[in-house]
Amino acid sequence: MTNLVTLKIVDGDFEQGFRVILKIGIDAKENNLMAREIDGWLPPAPHINQLCDSWLLSYRAQGRIKVHRKLTAPSEQITNYSIIHSAQDLQEAINNWLNSTDRKFQRFRDQVLKSLSTNDQIRFIIQTNNLKLWQLPWHLWDVLSDCDIEVNFSASEFPPPSPPSKKYINKVRILAILGDDTGIDIQKDLALLQEELPDAEISPLISPPKKKLSQELWEKKWEILFFAGHSFTQNKKNLQGRFFINQDESITIEELKYGLTNAIKNGLKLAIFNSCDGLGLAAELVSLPISTTLVMREKVPDEVAQKFLRYFLNAFATKGKSLSDSVWETRKRLQEEVEDNYPCASWLPVIFQNPALKPPTWKDLTKGFYTKNKPKLSTVLLVSFIATIAVITIRSLGLLQGSELRAFDHLMGLRPPEKRDERVLVIAVEEPDIKYQDKMGWSRKGSLSDTALAQLLRKLNPDQPRVIGLDIYHDFEFEPSLATQLKQNPRFIAVCKMPSIDQTAIASPPGMASQQIGFSDLPRDPDDIIRRQFLAMTPSDTCDTSYSLSLQVALNYLAQEGIPPMTRNSAGDVEIGGVMFRKFPHNAGGYQLEPDHAMGYQMLLNYRAKNPKKVNLQDLLKGKLDSQLPTLVKDKIVLIGVGKDSKDVHLTPYTKGPWPDKIPGVMVHAQMTSQIISAVLNQRPLLWWLPQWGELLWIGSWSLVGGLLVWRLHSPSYLGVAVFAGISLLSGVCYVLLLQGGWIPFIPSALGLVATSGSIVVYSIFK
């Protein structure tokens, strides 16, 4: 907490004394309504007026040019007598005056000491229009110097603050006016600004005409106004300052009154005049609603001006100190490092502040406006809740399904490739294989003739494959000898197709038992990609089986491994060998399907990046693979189906793009079969998803993260980096969980994070 202590000097003079009011309150409270006011009295001190004039005469005797910073170190005689001694006399007189034992003053002084003795930060302002009081080095009062408290000045009356600018800023914008440089090196001032403030947006205005300066104040927005060059106070009675913007033009604050007022309305908070004799400039600036003005009370040597600027910027911007603490630290450094050559150099900087405004810190200036209206935690929680409900609603309408599925495919493609499942062999019947059958004169109604199938089985059976699945429709009788052989072989599985809205059913081979039949239907997503698989459906008149081809083949294989038959648990989910295969609902993962699209018993398909090994039909029939058959076939699952040249081809998460390569249906069934047996025998993860309440909590948590980032971070650049880092972290978490089989909402969570943070920023800017 910062206490605001204001010493208002109402009237009086050094001959009669001054009537004062001490005002103590909490800094930045509107109008400081809770402040305590104490009337007091400063005793007469006529000798101070004389000692101050004496010091000013000796100080101004340095150098020969009256209006600029080109001063040389004074001669030893002047240094030892005229300046140092007069400064010591003035310092002693000020402390005797302000530490007076006068009874009327003592009670008031005790209240000042009490207000300054707390552990809280103190902003100490002397409020007066008396030029002589401005000229006094109040910082030498031992009460203030012992507490490291900087003195700030204010006019007796000050304008009310302007409404704050509601423009979002990314960098501190500084208008650096480099005026007449006759005899001085003000380019070094610009270099110091650029060196000490690398992240600021500094716009140099070198020797500008008045019209150009006015345009900059009217048409652009600034946080800091900086001037380096020549200036002086031309009317000591009315305190009018004048500064030289180029070699031919000098202007007053009054001449830029409207442009400066506009700039203040648009965010100008700090004016720094690193030039000589600036009390007249400050006197006019305090009539405007600017927060803080920093000037030099007398002529300033060029070297001192540059060291002051370096030390001040280092304390203010690099160390992040307050304006008062920055000037106080700069005074001490100037006193130690330059006063041997330039006596009283540490007396020169003077701060003028509007008591109704809290002086900005560098951290304040680097924030976007929304941080000036920092949201309450309750607001963050409310906006996070609203954003979560909005995202969930949008998601439930299916508007995010496409992006969620694409994100899922992307993460699937990033997984390390697994080895192919060597337990499965695919025999493809492609266009050359069909031509080979025709060349051999074998009669066929489809892509595979009964003669070719019979010869293929004679090739395979000696090496004892575990299961043979035929993914080629054969809704007519097999040749008698082949039919007898197939009906007596429980390890042979044929296919049929269930009736659907857009396609007719295809019956299974006549005479085959239901245990030897599996349906070949594949659940296709709106983008035509196969991401799910059927395990079971209600049988139809033409397709008399409950199980899919992949499930029939897998169960047959697992039975030969000693795995007990498939069961249903109390929740209705399928269990095989102790592994639960959860039924996929229509709104799990990123899906928002119509209920009829989730018919039957479905599950998500966890593809391997590499498909099972494939050989061609004619290579087997011609004997080209005879030497490899034991390795290819022994104890394996053999699936026979049409190849990539057929119409039975499909997209998978691994085959996407403008002209994707599709894989044949038999290869999709091979992936499905591999998933089932790998889950049971190798504990390979099945894809899983969160329940509805879990997804709500997950999305809500990331929405809250977005809100908390705005609540805690003040810099727009930091916030942008943090939001990016948050989304990156979310992506990483989703990827790691997918490696374990978990499909966690990424798009809705990222949308919730961005929507919450963005909404709070916009709310804070425009509220």
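- Every residue two or more places apart in sequence or in another chain that forms a ring pair (Phe, Tyr, Trp, His ring centres under 6.0 Å) with Phe18 is listed here: Phe14.
- If you take CD1 on Ile24 and CD1 on Ile122, they are separated by 8.5 Å, rounding to the nearest 0.5 Å.
- The distance from the CZ atom of Arg712 to the CG atom of Leu719 is 13.5 Å, given to the nearest 0.5 Å.
- One distance of note links CG of Leu270 with OG1 of Thr361; it measures 11.0 Å at 0.5 Å rounding.
- The pair Arg242-Glu255 meets the salt-bridge criterion, with a side-chain N (NZ, NE, NH1 or NH2) lying under 4.0 Å from an Asp/Glu carboxylate O.
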Could you walk me through whether Leu175 and Leu268 pass the side chain to side chain contact (heavy atoms under 4.5 Å, CB included) check? CA-CA 10 Å; Leu175 178 60; Leu268 180 64; over 6 Å; no
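- Among Tyr59, Tyr342, Phe308, Trp55, the single residue meeting the ring-ring contact (aromatic ring centres under 6.0 Å, His included) criterion with Trp347 is Trp55.
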Step by step, work out the side chain to side chain contact (heavy atoms under 4.5 Å, CB included) result for Trp218 and Tyr258. CA-CA 9 Å; Trp218 277 100; Tyr258 298 111; 3.7 Å; yes
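- Atom NE2 of residue His85 and atom CD1 of residue Ile83 lie 11.5 Å apart, to the nearest 0.5 angstrom.
- The line from CD of Glu329 to NZ of Lys321 is 3.5 Å long, rounded to the nearest 0.5 Å.
- A donor-acceptor contact shorter than 3.5 Å is absent between the side chain of Ser346 and the backbone of Gln335.
- Between Phe243 and Phe227, the ring planes are perpendicular. Angles over 60° get that label, and only those under 30° would be called parallel.
- Put simply, CG on Leu136 and CG on Leu131 are 9.5 Å apart, with the number rounded to the nearest 0.5 Å.
- Between Lys212 and Glu216 there is a salt bridge, with a side-chain nitrogen of the basic residue lying less than 4.0 Å from a carboxylate oxygen of the acidic one.
- Using a 4.0 Å cut-off between charged nitrogen and carboxylate oxygen, Arg173 and Glu223 count as a salt-bridge pair.
- Remark: Lys220 NZ is loosely packed, at most 12 non-hydrogen atoms of other residues, nucleotides or ligands lying under 6.0 Å away.
- The pair Glu195-Arg310 counts as a salt bridge, with a side-chain nitrogen and a carboxylate oxygen less than 4.0 angstrom apart.
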